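Structure first, commentary second.
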There are 2 protein chains.
Amino acid sequence: MGNIPPVGRKVTLSDIAAGCDVSRATVSLVLRGSPLVNKHTRARVEEELRRQGYVYNRAAANLRRRTSSSIALVLNDLANPFFAEFAAGVDEVLGDTGFVTLLGSTSESTERELAVLSSLMEHGPAGIILSPAEGSDAQQILSAVGGVTPLLLFNREVSGDVAACDHWDRLFLDNQRGARLATEHLIGQGHKRIAFYGGHLGSSSCRQRRAGYTEAMKAAGLSVEPSWMVECIPNRLDAVAQSEQLFQGKTAPTAAVCYNDAVALGLMLGLHQRGLQPGRDFALTGFDDIAEAAVSAPPLTTLAVTPRDRGRQAAELILQRVKDPSPPPRQTIAPVQLLVRASSCPPPA
Amino acid sequence: MGNIPPVGRKVTLSDIAAGCDVSRATVSLVLRGSPLVNKHTRARVEEELRRQGYVYNRAAANLRRRTSSSIALVLNDLANPFFAEFAAGVDEVLGDTGFVTLLGSTSESTERELAVLSSLMEHGPAGIILSPAEGSDAQQILSAVGGVTPLLLFNREVSGDVAACDHWDRLFLDNQRGARLATEHLIGQGHKRIAFYGGHLGSSSCRQRRAGYTEAMKAAGLSVEPSWMVECIPNRLDAVAQSEQLFQGKTAPTAAVCYNDAVALGLMLGLHQRGLQPGRDFALTGFDDIAEAAVSAPPLTTLAVTPRDRGRQAAELILQRVKDPSPPPRQTIAPVQLLVRASSCPPPA
DNA sequence: CCTCGCCTTTGTAACGATCCAAATGTACCC
DNA sequence: GGGTACATTTGGATCGTTACAAAGGCGAGG
């Protein structure tokens with residue numbers, strides 16, 4: 001059973017063909033499990049494949065067949081647990097389908113996004129899943145990816161000409177409904193002065209969540225003070241820093257719907273610094289249900305978005321589109337679920 | 001300026017050549033910025049490239065040149081923020097170098113790891129960065145990746161025949177020193193009965209951290225009760241569940257060095273349930289410095305491992321190896337830094 | 001006018017797989 | 001024995017790019 005040592009040059013189809021005295025075409029048929037080849041021949045070829053340690057060259061096959069076996073996954077912030085979970089979900093499904101994931105991380109820079117997209121395009125992905133950086137422009141993205149490769153927009157809308165990108169599929173969270181549910185829940189707890197805290201107006205998800213909040217407030221006949229709408233960078237640090245602003249107006253809020261969990265956890269710290277105990281003196285809700293939300297003090301009422309499931313869904317959507325590009329583009333809104341925990345207490349008496 | 005509409009078929013070198021009446025070879029030279037081509041010709045070709053919206057086909061080029069422009073990144077748990085940060089660091093460097101990241105996530109399953117590795121190998125990566133699943137076998141991994149492609153082992157050792165894989169590069173955290181530092185710090189605070197809590201003996205990082213702990217205890221002449229060495233799945237949930245075990249022995253510990261931050265945060269909850277307040281009645285330390293560690297209640301003393309820097313470093317190491325495979329394999333031990341916070345209080349008086 | 005060198009350009013054969021039409025058996029029936 | 005059907009195998013062209021050797025044009029120098 002002389003094993004061929006793993007030396008420099010790679011083993012190709014021709015080596016196998018030569019090794020067991022058949023044509024390259026036959027070996028190729030064996031590789032693809034064609035029923036055409038004789039049982040006995042197949043066995044001989046398979047033995048030779050093992051013996052020489054053959055590795056299929058998918059790039060060569062893709063070139064010849066004009067196919068692709070990769071999907072590009074471009075994320076604005078891979079380090080964010082939400083997107084990490086999302087990526088894990090995407091990769092899970094793609095892996096099972098024989099596709100490989102081409103990863104690209106843009107660190108929220110539109111410039112880098114374009115660079116990453118063009119670089120990935122050169123590898124000819126069958127499709128692209130893109131969670132755009134803040135401020136991404138539809139026209140520019142289109143010119144980077146070309147009109148041919150299917151693209152699924154995740155999580156955020158892009159700015160600019162709608163016509164430029166109206167053939168892209170979309171997968172968004174139900175931001176508006178989520179924020180409305182959170183707001184309604186706080187109203188149900190008896191709050192009347194409710195703020196919307198954090199996030200960037202530059203991002204579509206923030207605008208949508210604000211819209212849900214406004215909708216609920218309006219429906220309940222509650223008014224909103226300007227000082228209750230505070231923007232901040234959606235991370236814990238800036239959320240602490242900006243929390244003062246909530247209390248600058250004439251009347252202080254008794255509760256806040258926060259842009260996301262990170263912001264909510266930051267606000268908790270800010271409240272502590274003011275001598276307020278979140279979940280007793282002040283109610284708040286988050287968005288995302290990150291791992292930490294369940295175990296913070298107090299545990300955070302928030303909206304579960306199940307990013308891993310979203311990743312799986314995104315992969316399935318793009319695969320469908322790759323399989324059949326003809327149906328009209330589809331926009332999918334994924335539901336979110338309100339998880340009530342101790343942070344959303346009733347107002348102090 | 002008639003723009004060619006973005007129709008089905010992809011634009012190739014030949015289309016450009018035909019479009020401006022030069023040979024394919026010339027276009028190829030232009031693409032690669034060769035100084036051979038005449039300035040005037042170059043301009044004409046470049047104009048045509050733009051006009052037709054040409055996209056370089058790197059797969060075809062790689063096939064011809066027998067090169068590769070991708071690096072495989074295979075992680076045992078992408079959803080873990082530690083690895084997500086790591087991946088972001090890897091991708092950052094690779095992106096800057098013109099390489100593309102092929103992602104593979106194994107969900108801590110050795111079976112899936114082998115499947116993912118073989119699938120990625122078919123795309124002919126120039127190198128592989130592997131953070132193995134628990135229980136991975138060197139021999140099996142070797143047979144999946146072949147002896148040719150450079151591999152960098154990250155974070156964990158693999159079991160089995162050392163000779164099988166002694167030509168792999170390695171990048172590990174200084175687990176032993178980290179745990180020793182944490183233990184010494186607790187000893188310095190006055191603790192004598194210190195436990196080592198959590199982790200799986202199946203993983204080499206856990207064994208190394210235990211070794212550091214044991215080393216420090218021995219050096220200080222402190223003895224260790226068997227009931228102070230508790231295993232658990234390294235997540236918050238199981239850490240809560242197993243925390244009872246710490247107090248089953250004759251003498252209860254007053255402090256614990258935890259396998260990692262997740263475990264430490266779980267133990268905090270377990271302590272609360274026993275009526276003990278962590279950071280006052282019981283001291284503990286973590287490992288990793290996840291975002292949450294700085295803001296837990298109390299803030300967690302832990303070891304910073306800067307996963308993003310590790311990712312960058314891993315990318316650089318594998319790129320070096322790809323560039324020149326000849327130097328002998330190298331093992332790199334990345335330093336960790338003790339961050340003292342409120343959780344590591346002195347023992348109660 | 002021929003030769004030489006220089007600057008550009010180009011035809012052709014690869015890279016490793018697949019497709020396709022055509023060629024080889026070989027079994028069976030009339 | 002010839003013809004037909006069926007099962008199996010195969011050469012050669014091809015995917016989009018690059019390497020290489022060789023060719024073309026052109027000015028200078030002898």
Side-chain angles (χ1 to χ4, degrees), chain A residues 8-46 48-49 52-70 98 121-126 146 148-149, chain B residues 8-46 48-49 52-70 98 121-126 146 148-149:
Chain A
R9 217 176 56 77
K10 281 188 185 143
V11 180
T12 79
L13 234 157
S14 304
D15 298 321
I16 305 299
C20 55
D21 221 46
V22 293
S23 72
R24 297 196 327 274
T26 304
V27 179
S28 176
L29 289 174
V30 170
L31 282 176
R32 286 171 293 153
S34 157
L36 288 179
V37 294
N38 180 293
K39 207 154 63 166
H40 183 252
T41 317
R42 150 162 299 130
R44 247 174 55 231
V45 172
E46 275 171 349
E48 187 70 12
L49 288 169
Q52 296 204 31
Y54 172 79
V55 177
Y56 187 70
N57 184 333
R58 207 165 281 278
N62 281 332
L63 174 59
R64 176 63 235 259
R65 307 182 54 194
R66 293 142 155 273
T67 54
S68 164
S69 54
S70 57
M121 283 308 292
E122 298 188 345
H123 291 86
V148 214
T149 314
Chain B
R9 216 176 56 79
K10 282 190 185 141
V11 180
T12 78
L13 246 171
S14 303
D15 299 321
I16 305 299
C20 55
D21 220 45
V22 293
S23 72
R24 297 196 324 272
T26 303
V27 180
S28 175
L29 290 174
V30 170
L31 283 176
R32 286 170 295 155
S34 157
L36 289 179
V37 294
N38 180 290
K39 209 154 64 163
H40 183 252
T41 317
R42 148 161 302 130
R44 246 174 56 231
V45 171
E46 276 171 349
E48 187 71 13
L49 288 168
Q52 297 202 31
Y54 171 79
V55 177
Y56 187 68
N57 184 334
R58 206 166 282 278
N62 281 332
L63 174 60
R64 174 65 235 253
R65 307 184 53 195
R66 293 146 154 274
T67 54
S68 164
S69 54
S70 57
M121 281 310 291
E122 298 187 346
H123 291 85
V148 216
T149 314

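Chain A is the first sequence line, chain B the second, and so forth, proteins listed ahead of strands; every chain is numbered from 1. None of the values given here were measured: they were computed from a predicted structure.
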Which pair of heavy atoms, one from [X] and one from [Y], lies closest together, and at what distance?
{"X": "A:Pro125", "Y": "A:Ser68", "value": "C-OG, 3.5 Å"}
{"X": "A:Leu63", "Y": "B:Ala60", "value": "CD1-CB, 4.1 Å"}
{"X": "A:Val11", "Y": "A:Tyr54", "value": "O-CD1, 3.6 Å"}
{"X": "B:Ser14", "Y": "B:Arg24", "value": "OG-CD, 2.8 Å"}

Residues 26-33 of chain A, side-chain donor-acceptor partners within the protein, below 3.5 Å, at least two apart:
{"unit_1": "A:Thr26", "atom_1": "OG1", "unit_2": "A:Ser23", "atom_2": "OG", "d": "3.1"}
{"unit_1": "A:Ser28", "atom_1": "OG", "unit_2": "A:Arg32", "atom_2": "NE", "d": "3.3"}
{"unit_1": "A:Ser28", "atom_1": "OG", "unit_2": "A:Arg32", "atom_2": "NH2", "d": "2.8"}
{"unit_1": "A:Arg32", "atom_1": "NE", "unit_2": "A:Ser28", "atom_2": "O", "d": "3.3"}

Seminar exercise, completed: Per the under-4.0 Å heavy-atom filter, residues of residues 60-70 of chain A near DNA chain D come out as A:Leu63, A:Arg64, A:Arg66
Counting only side-chain nitrogens and oxygens, does [X] get under 4.0 Å of the OP1 or OP2 atom of [N]?
{"X": "B:Ser23", "N": "C:dT10", "result": "yes"}
{"X": "B:Thr26", "N": "C:dT9", "result": "no"}
{"X": "B:Thr41", "N": "C:dT9", "result": "yes"}

Taking atom [atom1] of [X] and atom [atom2] of [Y], what is their separation to the nearest 0.5 Å?
{"X": "B:Cys20", "Y": "B:Asp15", "atom1": "SG", "atom2": "CG", "result": "11.0 Å"}
{"X": "A:Gln52", "Y": "A:Thr12", "atom1": "CD", "atom2": "OG1", "result": "8.5 Å"}
{"X": "A:Ser70", "Y": "A:His123", "atom1": "OG", "atom2": "NE2", "result": "8.5 Å"}
{"X": "B:Asn57", "Y": "A:Met121", "atom1": "CG", "atom2": "CE", "result": "11.0 Å"}

Exercise. Distance-only, no hydrogens or angles: does the B:Arg42 side chain make a donor-acceptor pair with backbone N or O of B:Pro35 under 3.5 Å?
Worked result: no
Exercise. Once you round it to whole Å, what is the distance between P of C:dC15 and CG of A:Leu13?
Worked result: 13 Å
Problem set entry | Within residues 29-40 of chain A: residues closer than 4.0 Å to DNA chain C (heavy atoms) | A:Arg32
For this session: Determine to 10° how strongly the helix from C:dC1-D:dG30 to C:dC30-D:dG1 is bent, judged from the axes of its five-pair ends.
Result: 70°
Exercise. Will you find, in the side chains of A:Asn62 and A:Ser69, an N or O donor that is under 3.5 Å from an N or O acceptor?
Worked result: yes
Filtered N/O pairs between nucleotides 23-26 of chain C and protein, under 3.5 Å:
none

Problem set entry | Pairing residues for B:Arg44 by the salt bridge (Lys or Arg N to Asp or Glu O under 4.0 Å) criterion, not counting sequence neighbours | none
